[in-house]
> 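One structure coming up, written as structure tokens, with questions to follow.
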Amino acid sequence: MLRPAALVLATALLAACQSTPAERKPEGFAAYEGDPRLGEVVNNACFTSSIDGFSMNEKKTVVLRDGKKEYMVEVFGSCPNLDDAMSIGIDSATSCLSRGDALIVSTSLMGGDVGLGPQRCQIKEIRKWDKNATKAEESADAPADAPAE
């Protein structure tokens, strides 16, 4: 039987051995907070028939492109196949992509996904994306150096 002092010491040692949870990295649009490329929320993106590519695919977000315009799409929950996607389809009742529509994500170019096949990921939000946007130069506000004497 453990004595009270030994029990307190054993409890303290066990508590010291517990690992603290690692700080979670933001996901989805939260990972891009303050990024000037992330634009305003849009109700829909009317380009579903002309999507010609995607990039920056992660578990919760992807940038869809139609040649001229780009939109970042965030999905509900997590879409594990999205970060390894080789092809992405759109499931929408109209020619416009909107909240509640779905991305059909495949990790194979020819639809030969292993396991459960292509994954259906429901769209949570769509925002404009400007890959050329940059942060304003802070040097404009910096004081000029004093002339050397």
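This structure is a prediction, so every number in the text was calculated from the model and none was measured. Note that the numbering runs from 1 along the sequence shown for the chain.
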> How close do Ile126 and Ser98 get, heavy atom to heavy atom, and via which atoms?
CD1-CA, 3.7 Å
> Nearest heavy-atom pair of Gln122 and Gly100: which atoms, and what distance?
NE2-O, 3.4 Å
> Tell me, please, which residues at least two apart from Asp66 pass side chain to side chain contact (heavy atoms under 4.5 Å, CB included).
Phe47, Ser50, Lys68, Lys69
> To the nearest 0.5 Å, what is the distance between CG (Asp83) and OG1 (Thr107)?
10.5 Å
> Who are the side-chain hydrogen bond (donor to acceptor under 3.5 Å, both in side chains) partners of Arg37, not counting sequence neighbours?
Asp35
> Measuring from atom NZ of Lys60 to atom SG of Cys79, what distance do you get when rounded to the nearest 0.5 angstrom?
10.0 Å
> Honestly curious: do Ile51 and Phe54 fall in one hydrophobic cluster under the side-chain, below-4.5 Å linking rule?
yes
> What's the shortest heavy-atom distance between Pro36 and Thr134, and which atoms?
CG-C, 3.6 Å
> Among all residues two or more places apart in sequence or in another chain, which pass the salt bridge (Lys or Arg N to Asp or Glu O under 4.0 Å) test with Arg65?
Asp52
> Please identify each residue that fulfils side-chain hydrogen bond (donor to acceptor under 3.5 Å, both in side chains) with Asp91, with sequence neighbours left out.
Arg120
> Do the side chains of Leu82 and Ile88 get nearer than 4.5 Å, heavy atoms only?
yes
> Got a second to check how far Asp84's CG is from Lys59's NZ, nearest 0.5 Å?
7.5 Å
> Can you give me the closest heavy-atom contact between Lys124 and Arg99, atom names plus distance?
O-NH1, 3.1 Å
> Do Thr61 and Glu74 have side-chain heavy atoms sitting under 4.5 Å apart?
yes
> Considering all heavy atoms of both residues, which atom of Ser108 and which atom of Ser87 are nearest to each other, and what is their separation?
O-OG, 3.3 Å
> Please give the remaining members of the hydrophobic cluster of Leu38, linking ILVMFWY side chains under 4.5 Å, ordered by chain and number.
Phe29, Tyr32, Met56, Val63, Met72, Trp129
> Is Ile90 close to Leu103 at the side-chain level, that is, under 4.5 Å between some pair of heavy atoms?
yes
> Applying side-chain contact (heavy atoms from CB on, under 4.5 Å) to Asn44 and Thr94, what does each step give before you reach the verdict?
CA-CA 10 Å; Asn44 53 41; Thr94 68; over 6 Å; no
> Could you list the residues that satisfy salt bridge (Lys or Arg N to Asp or Glu O under 4.0 Å) with Glu40, not counting sequence neighbours?
Lys128
> Taking all atoms of both residues into account, what is the closest heavy-atom pair of Val62 and Ser55, and its distance?
CG2-O, 3.6 Å
> Hey, what do you get for CG (Asn43) to SG (Cys96), rounding to the nearest 0.5 Å?
10.5 Å
